[in-house]
Amino acid sequence: MSVSSSPVPAVPLLTDQLDIVIPTIRNLDFLEMWRPFFQPYHLIIVQDGDPAKTIRVPDGFDYELYNRNDINRILGPKASCISFKDSACRCFGYMVSKKKYIFTIDDDCFVAKDPSGKDINALQQHISNLLHPATPFFFNTLYDPYREGADFVRGYPFSLREGVPTAVSHGLWLNIPDYDAPTQLVKPRERNSRYVDAVMTIPKGTLFPMCGMNLAFDRELIGPAMYFGLMGDGQPIGRYDDMWAGWCIKVICDHLGLGVKTGLPYIWHSKASNPFVNLKKEYKGIYWQEELIPFFQSATLPKECTSVQNCYLELSKQVRAKLGKIDDYFIKLADAMITWIEAWDELNPPAAAAAEAPAKVANGPAKK
């Protein structure tokens, strides 16, 4: 397979249909590198940690900034479902957004370069992924058949070539790989320099470890299932927030006939987190995942579940019944999944009800 960078076909900017969600505890100087690509878009910044700390955002960006006080005020008692002192707080941004698409990125991620030395417009590639169909029911050996220079190969059923809507675009990273703590410890100097010029649909029935640092999704198709769980402060586990969401959305996408893509675009991950700190956060997850993965691999949803919310509530029942036997944490997590859906529906009522509902987010966060 060639490693040369194929040109990305021109795609709409979608500046009025996409929000960029960023969780952070620090000044957002990293946005300067992203300015050529991000400045036309609206940013939703979710400040983690001490709400009294002032977060500096470079001039010229259109943004809203929410801290913990805003989350508590807007959600009231339901704020308990939003993680504290963990990047999982980002999912609050998904909830308050009113746009069709979401792109989320970590504040230690920078613009990567393709093999020709050109800056990669990650957002443009995510948009392209989301606007083109996915093929979860039959694998195409040329990967994404909708890319320029590719097509369906001989033997691919014509009845499946229309594809299905793409709900999630999962991007990758150059430099610091997204490793767990044990792998970090045995490979402390390993860096990813391999640029693979490919996008593929993850097949139906196959799970994947979703990373939230370079991720885009169709909020209208899968938003209510993009809950990053209960992690961080006060919880027995961390660094499994994005993976939990990834397992949930994959089961639901498979059930509803939606697609998940992975591969391009790449970003440059600049900072490796401390493996010893990570091990403390991950150790229960490393143990639990040996039972979590079989649970999600065997999870099925009844045909009566035709909405993302119904699917997610059904999944929460199965989490309580089956994973609750492993640890009481999963009973708490199942309750939080229900609270999350209730809060989502409260802030995102159906169109008819929305016309009459007051704007709870009005006059809330800092705006620029």
Side-chain angles (χ1 to χ4, degrees), residues 91 94 100-102 104 126 129-141 143-146 152 156-172 198-212 215-229 240-263 288-323 330 333-334 337-338 340-341 344:
C91 62
Y94 310 159
K100 177 174 173 56
Y101 301 104
I102 295 288
T104 186
H126 276 301
N129 290 347
L130 291 170
L131 292 183
H132 289 88
T135 54
F137 304 120
F138 202 91
F139 189 78
N140 190 55
T141 51
Y143 304 112
D144 190 342
Y146 306 102
F152 293 97
Y156 200 101
F158 283 86
S159 60
L160 296 177
R161 295 190 181 193
E162 185 177 351
V164 302
T166 300
V168 179
S169 172
H170 178 254
L172 301 175
V199 177
M200 67 183 72
T201 298
I202 301 173
K204 181 180 180 180
T206 301
L207 298 176
F208 74 112
M210 189 172 82
C211 174
L215 180 72
F217 60 93
D218 187 320
R219 186 175 173 276
E220 293 180 358
L221 288 180
I222 200 64
M226 271 291 180
Y227 177 47
F228 278 40
Y240 272 80
D241 51 323
D242 42 10
M243 287 183 286
W244 176 265
W247 298 329
C248 291
I249 63 100
K250 190 58 169 62
V251 170
I252 294 173
C253 283
D254 286 352
H255 175 74
L256 295 178
L258 302 172
V260 177
K261 291 184 178 181
T262 188
W288 286 339
Q289 73 183 13
E290 300 307 317
E291 297 191 61
L292 295 181
I293 299 302
F295 164 77
F296 282 105
Q297 287 175 326
S298 62
T300 58
L301 300 171
K303 63 180 180 180
E304 292 77 18
C305 290
T306 56
S307 71
V308 175
Q309 283 93 330
N310 288 342
C311 289
Y312 203 70
L313 292 174
E314 171 61 29
L315 205 51
S316 74
K317 295 177 185 177
Q318 297 182 28
V319 167
R320 172 184 290 276
K322 298 181 180 180
L323 298 183
F330 292 102
L333 179 54
M337 293 168 71
I338 296 171
W340 161 263
I341 292 296
W344 181 282

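Since the structure is predicted, the reported quantities are computational estimates derived from the model, not experimental observations.
- Using a 4.5 Å heavy-atom cutoff, the side chains of Asp218 and Pro165 are not in contact.
- When every heavy atom of Phe208 is checked against every heavy atom of Gly246, the shortest pair comes out as CE2-O, 4.1 Å.
- Between Val260 and Pro136, every side-chain heavy-atom pair lies at or beyond the 4.5 Å cut-off.
- When all heavy atoms of Ser169 and His126 are compared, the closest pair comes out as OG-ND1, 2.7 Å.
- The two residues Val164 and Gly257 come nearest to each other via the heavy atoms CB-O, 3.3 Å.
- Taking the side chain as every heavy atom from C-beta outward, Ser316 and Trp340 never approach each other to under 4.5 Å.
- The two atoms that bring Glu314 and Cys305 nearest to each other are CB-SG, 3.9 Å, heavy atoms only.
- Side chains of Trp288 and Leu323 form no contact here, defined as non-hydrogen atoms less than 4.5 Å apart.
- Atom OG of residue Ser307 and atom CD1 of residue Ile252 lie 9.0 Å apart, to the nearest 0.5 angstrom.
- Residues Gly163 and Pro133 come closest through the heavy atom pair CA-CB, 4.0 Å.
- No option in Ile249, Val168, Thr166 other than Val168 meets the side chain to side chain contact (heavy atoms under 4.5 Å, CB included) test with Phe217.
- Exactly one of Tyr143, Phe138, Tyr146 qualifies for a ring pair (Phe, Tyr, Trp, His ring centres under 6.0 Å) with Phe152. That residue is Tyr146.
- In this structure, the side chains of Leu131 and Tyr101 come closer than 4.5 Å at one or more pairs of heavy atoms.
- Residues Gln318 and Phe295 approach most closely at O-CE1, 3.6 Å, considering heavy atoms.
- Taking 4.5 Å as the limit, some side-chain heavy atom of Leu313 sits within range of a side-chain heavy atom of Ile338.
- The closest donor-acceptor contact from the side chain of Lys250 to the backbone of Thr206 lies under 3.5 Å.
- Interatomic distance, Met226 CE to Cys248 SG, rounded to the nearest 0.5 Å: 10.0 Å.
- Taking CE from Met210 and CG from Asp241, the interatomic distance works out to 8.5 Å, rounded to the nearest 0.5 Å.
- Applying the ring pair (Phe, Tyr, Trp, His ring centres under 6.0 Å) test between Trp244 and each of Phe296, Phe228, Tyr227 identifies Phe296 as the sole match.
- Gln309 places none of its side-chain heavy atoms less than 4.5 Å from the side chain of Tyr312.
- The CG atom of Asn140 sits 11.0 Å away from the CG atom of Leu160 when rounded to the nearest 0.5 Å.
- Glu304 contributes atom CD, which lies 9.0 Å from atom OG1 of Thr306 (distance to the nearest 0.5 angstrom).
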Apply side chain to side chain contact (heavy atoms under 4.5 Å, CB included) to residues Thr141 and Tyr156 and explain how you reach the verdict.
CA-CA 9 Å; Thr141 51; Tyr156 200 101; over 6 Å; no
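- The side-chain hydrogen bond (donor to acceptor under 3.5 Å, both in side chains) test with Lys261 is passed by exactly one of Thr135, Asp144, Asn129: Asp144.
- Ile202 contributes atom CD1, which lies 9.5 Å from atom CG of Asp254 (distance to the nearest 0.5 angstrom).
- Between His170 and Cys211, some side-chain heavy-atom pair lies under the 4.5 Å cut-off.
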